[in-house]
Each structure stands twice: as structure tokens, then as C-alpha cells.
Amino acid sequence: MGLTVYMEGGGNNKSSKNKLRIGMTEFLVVLKDELIKKGYNLKIVACGPRNKAYKLFVSFKPDSKYSIAILLVDSEEQVNGKPPFEYLKRRDRWEKLNEKDKVHLMVRTMETWLISDPQALEKYYGHNFHRKSLSNHQNLEEVSKETIYKSLTKATENTSKGEYHKIDHASELLKVIDSGKVRERCPHCDLLFTDLLTEINKL
């Protein structure tokens, strides 16, 4: 048995989806390691558009190898305390979701996770990275998606790698950011780890 994570993102081609899959697998390595200890697997499926992630998730059928499915998508907006399945039913009209489903959110976007570890970003982008441009909010989920993107663009625009590019950079950054730091500043990320570790312990 194991976990399958259907996640939003990766663009529209096989190569970029594979890069995101590898990056997210590294970010979730704590969960992967716990699964391996029990003889199970973690499979990440980068689905491209969020609606595709939803459709693959609701069509998931457990088998002997993968028994649990997780949906992971951006919230795009403030969640305001609603359970993820309820929030997505209202916002995206995903009527097939229910309270028994394992649904998790990147609030408000995956880039919120990335800027949670400015030290890792500074090391990745190197010279001329403007760390002070990043939000210093302790709870980054309170910061709008637009502000997150603007701050990330400003922090990276003069670096040798160029300004932040979702397809080119996000997958690599997921490999180097500290999930512990992300969990400290993004409550829904902490919920993801806590929930899945609980599920793994049941296996």
C-alpha cells in the first residue's frame, strides 16, 4: 500500500511535470521515508491544471499498491477557516468532494511555501538576491497571492538566474527549502504533514 498525491502544477508538458514531481517528492521526503520504513511507496502525480488534478483524484481507485489518494492544490484566495473540501466545493464547484476525502491546500499558492525559507532561496539565487523584498509575515498564508509573486519577482530580478520563473525554478527550489520552516509559517502545510504522518502510522 502507499500514498498517491495528485497535485496541481507542472505546466502542460511531460518534462515540466516530471520536474515538479521530483521536486515535490524531495520536499515531502520525510513522508516518503516513513512510508519506506513500512514497505510502502509515495507517488506524486503532477497534473498540470487544477481541474485535471481534481478529476484524477475523484477517479482514483485503490489497489494493492496505492490505497490512499491525496488532492493538493492552491487555494488561490484566503481560506477563512473552512475545511479544504468545503472551500473547494464552494470556490471551484467540485461537488464530488466530501469530508472523508484527503484534500489539502497550498495557501494561497505554492510560492508561499517557497518564500518561507529565504535562506534557501538566497543560496539558490546567489549574488544580487534581494532577501528584504520577501514578506516577513510569520503567517505567510495571510499574504495575498499577488504580493507573494511581486515580492519573489523583486527579490530575484537582478540575480544571475533571472527573475523567478515557475516552471524553471519552482521544482529546483522544492528540493532545497526546509519543510520544517515552511510548516512554521504556513499552517496548511503543517496540517498536510501532520495528517499524512497520522495516516502513515495507521498502515
Side-chain angles (χ1 to χ4, degrees), residues 3 5 7-10 16-38 41-46 70-75 79 84 102 104-145 147-157 159-201:
L3 301 178
V5 178
M7 70 171 294
E8 171 184 3
S16 59
K17 288 177 182 177
N18 189 52
K19 287 179 181 178
L20 180 60
R21 176 188 65 79
I22 293 170
M24 185 58 74
T25 301
E26 188 63 30
F27 180 72
L28 299 177
V29 70
V30 171
L31 302 175
K32 181 180 179 181
D33 287 347
E34 289 301 311
L35 281 164
I36 290 173
K37 288 178 185 177
K38 292 176 173 280
N41 297 302
L42 172 66
K43 180 169 75 172
I44 307 294
V45 182
I70 292 93
L71 177 64
L72 180 63
V73 295
D74 292 341
S75 73
V79 181
K102 292 292 178 186
H104 287 276
L105 298 171
M106 296 178 280
V107 179
R108 306 180 188 188
T109 178
M110 186 178 69
E111 282 69 21
T112 308
W113 290 9
L114 300 183
I115 72 166
S116 297
D117 187 355
Q119 294 94 333
L121 267 65
E122 189 169 36
K123 185 175 181 180
Y124 175 80
Y125 283 101
H127 187 60
N128 287 333
F129 178 77
H130 196 255
R131 182 169 167 174
K132 290 183 178 180
S133 295
L134 301 178
S135 173
N136 60 5
H137 268 64
Q138 176 57 33
N139 183 352
L140 286 170
E141 294 185 355
E142 296 174 351
V143 181
S144 72
K145 178 179 176 179
T147 299
I148 294 289
Y149 272 99
K150 285 178 182 178
S151 68
L152 192 48
T153 297
K154 188 172 181 180
T156 58
E157 61 186 355
T159 65
S160 60
K161 286 184 170 69
E163 69 178 48
Y164 172 75
H165 187 277
K166 192 176 187 76
I167 297 297
D168 293 339
H169 298 170
S171 300
E172 295 303 311
L173 288 169
L174 282 169
K175 296 177 184 178
V176 298
I177 59 173
D178 183 338
S179 63
K181 292 180 179 179
V182 182
R183 293 175 68 178
E184 289 175 0
R185 302 183 70 185
C186 299
H188 281 82
C189 183
D190 184 56
L191 182 62
L192 169 68
F193 276 80
T194 300
D195 184 37
L196 296 191
L197 284 170
T198 300
E199 288 297 320
I200 292 168
N201 286 333

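Computed over heavy atoms, backbone and side chain alike; hydrogens, waters and symmetry mates excluded. Because the structure is a prediction, the values reported are computed rather than measured.
Distance check, rounded to the nearest 0.5 Å: NE2 of His188 to CG of Asn139 gives 9.5 Å. Atom-to-atom distance recorded for His104:NE2 and Met7:CE is 13.5 Å, nearest 0.5 angstrom. Residue Leu20 holds its CG atom at 6.5 Å from CG of Leu174, rounded to the nearest 0.5 Å. Atom CG of Asn201 is separated from atom CD of Glu199 by 9.5 Å, given to the nearest 0.5 angstrom. The CG atom of Leu192 sits 8.0 Å away from the CD1 atom of Ile70 when rounded to the nearest 0.5 Å. The structure places CZ of Arg108 at 6.0 Å from OG of Ser144, a figure rounded to the nearest 0.5 Å.
Ionic pairing of Glu172 and Lys175 is present here: one or more N-O contacts between side-chain nitrogen and carboxylate oxygen are shorter than 4.0 angstrom.
Nearest approach of Leu105 to Ser75, heavy atoms of both residues: CD1-CB, 4.1 Å. What you find for Cys186 and Trp113 is that their closest heavy atoms are SG-CD1, 3.9 Å. Considering all non-hydrogen atoms of both residues, Cys189 and Val182 come closest at SG-CG1, 3.6 Å. In terms of heavy-atom proximity, Tyr164 sits nearest to Ala170 at OH-CB, 3.4 Å.
Within the 4.5 Å cutoff, the side chain of Thr112 has no heavy atoms near those of the Val107 side chain. Between Met24 and Val5 there is no side-chain heavy-atom pair separated by less than 4.5 Å. Residues Leu31 and Leu3 have side chains not in contact (no heavy-atom distance under 4.5 Å, counting atoms from C-beta outward). When side chains are defined from C-beta on, Phe27 does not count as touching Leu173, because their heavy atoms never get closer than 4.5 Å. At a threshold of 4.5 Å between non-hydrogen side-chain atoms, the residues Leu121 and Ile177 count as touching.
Summarising the local packing, NZ of Lys17 is surrounded by more than 12 heavy atoms from other residues, nucleotides or ligands at distances under 6.0 Å. Dense packing is recorded around NZ of Lys181, with more than 12 heavy atoms of other residues, nucleotides or ligands lying under 6.0 Å away.
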Lys166 vs Glu111, test: salt bridge (Lys or Arg N to Asp or Glu O under 4.0 Å). Steps then yes/no.
CA-CA 9 Å; Lys166 192 176 187 76; Glu111 282 69 21; 2.8 Å; yes
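Under a 3.5 Å cut-off, the side chain of Ser151 and the backbone N or O of Leu134 do not form any donor-acceptor pair. With hydrogens and angles ignored, the 3.5 Å screen pairs no side-chain donor or acceptor of Arg185 with any backbone N or O of Glu141. Without hydrogens or angle criteria, Asp117 side chain to Asp178 main chain gives a donor-acceptor distance under 3.5 Å. Side-chain N or O atoms of Asp74 include one that pairs as donor or acceptor with a backbone N or O of Met110 at under 3.5 Å.
Thr159 and Thr156 share no side-chain donor-acceptor pair at under 3.5 Å.
Between Tyr124 and His169, the ring planes are perpendicular. Angles over 60° get that label, and only those under 30° would be called parallel.
Among Lys38, Lys32, Lys37, the single residue meeting the side-chain hydrogen bond (donor to acceptor under 3.5 Å, both in side chains) criterion with Glu34 is Lys37.
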